[in-house]
Amino acid sequence: GVWRQTRALLFKNCLIKCRTKKSSVQEVLFPLFFLFWLILMSMMHPHRRYDEVANTDLGPLDTSQLVNFVIGFTPPTPVAREIMKKVAFDNFEDGIITEEYLSEEELQEASALKTSKFVGVVFKDSMSYQLRFHDSIAMSSIYMESR
């Protein structure tokens, strides 16, 4: 029954491998070649480790640069509004101008029309966000350890 069929299939596959030696050797050598290539590439671009930076007092914040500073954010959820309220009023005496946008497209249009003191914040969820600066996206580098 099953044992005879399995043995016949195994014998058939061995015959095929013996008759097609070139392709059988390629099946073994190509993965080894690519593994060697990956190891070589990882050695050419080693992982960079950066030393810790000691805690230092940066001094008081120069709020004169924050005059007419605009922060646009999307989507206008209650959590996002609360976060932006804390950013605008709890941290700075004069407050920063915050603007709500319904979509990322509106935020991008506003970024193109506003002055250079405009930063967009796109909330992905209640715990993550992306900053948008004039046609560029700045993401946190916490998760980027190497190239």
Side-chain angles (χ1 to χ4, degrees), residues 2 5-6 9-10 12-14 16-147:
V2 174
Q5 289 178 352
T6 305
L9 184 61
L10 183 62
K12 176 187 152 199
N13 287 338
C14 286
I16 291 172
K17 293 296 179 189
C18 289
R19 290 178 183 163
T20 58
K21 291 179 181 156
K22 183 179 177 182
S23 65
S24 299
V25 169
Q26 288 176 350
E27 285 180 13
V28 173
L29 292 182
F30 275 149
L32 292 175
F33 171 74
F34 289 124
L35 179 64
F36 170 74
W37 186 255
L38 285 173
I39 291 171
L40 183 67
M41 293 301 289
S42 68
M43 289 171 50
M44 288 175 57
H45 299 285
H47 176 71
R48 293 183 185 168
R49 296 205 181 271
Y50 296 101
D51 295 331
E52 290 183 11
V53 177
N55 291 337
T56 57
D57 184 19
L58 299 176
L61 178 65
D62 183 15
T63 57
S64 65
Q65 295 180 357
L66 299 176
V67 175
N68 298 328
F69 199 79
V70 179
I71 300 178
F73 66 95
T74 188
T77 61
V79 174
R81 286 186 186 112
E82 187 65 30
I83 291 171
M84 296 311 291
K85 180 181 168 186
K86 285 185 181 287
V87 167
F89 298 109
D90 292 352
N91 297 324
F92 305 102
E93 298 98 24
D94 299 333
I96 295 176
I97 302 167
T98 58
E99 297 177 353
E100 296 181 4
Y101 294 96
L102 297 176
S103 66
E104 288 187 49
E105 291 78 21
E106 287 182 21
L107 182 71
Q108 289 175 350
E109 290 173 12
S111 176
L113 297 174
K114 302 278 182 178
T115 63
S116 62
K117 291 189 176 190
F118 182 86
V119 174
V121 180
V122 179
F123 289 95
K124 297 298 178 185
D125 55 34
S126 62
M127 298 299 290
S128 64
Y129 61 90
Q130 288 181 335
L131 297 177
R132 306 269 174 134
F133 301 97
H134 294 288
D135 299 328
S136 67
I137 300 173
M139 294 182 3
S140 173
S141 63
I142 294 173
Y143 303 109
M144 296 181 184
E145 293 182 359
S146 67
R147 253 174 123 169

Q: If the condition is side chain to side chain contact (heavy atoms under 4.5 Å, CB included), which residues does V25 pass it with, not counting sequence neighbours?
A: L29
Q: Measure the shortest side-chain to side-chain distance between V121 and L131 over non-hydrogen atoms and say whether it is less than 4.5 angstrom.
A: yes
Q: Do F123 and I83 have side chains that approach each other closer than 4.5 Å (heavy atoms only, starting at C-beta)?
A: yes
Q: How about K22: does its NZ atom have over 12 heavy atoms from other parts shown lying under 6.0 Å from it?
A: no
Q: Rounded to the nearest 0.5 Å, what separation is found between the CD atom of E100 and the OG1 atom of T77?
A: 9.0 Å
Q: Please find the pair of heavy atoms, one from P76 and one from Y101, that lie closest to each other, and give the distance.
A: CD-O, 3.3 Å
Q: What pair of heavy atoms forms the shortest contact from L107 to F73, and how long is it?
A: CD1-N, 4.1 Å
Q: Does a side-chain heavy-atom distance below 4.5 Å link R81 with K85?
A: no
Q: State, to 0.1 Å, how close A80 and P75 come at their nearest heavy-atom pair, and which atoms those are.
A: CB-O, 3.5 Å
Q: Quick one: pull up CD in E82 and CE in M84 and give me the separation to the nearest 0.5 Å.
A: 12.0 Å
Q: In Å, rounded to the nearest 0.5 Å, how long is the span from OG of S42 to CG of L38?
A: 7.5 Å
Q: Kindly compute the distance separating OG1 (T20) from CD (E27), expressed to the nearest 0.5 Å.
A: 7.5 Å
Q: When rounded to the nearest 0.5 angstrom, what distance separates OG in S103 from CD in E106?
A: 4.0 Å
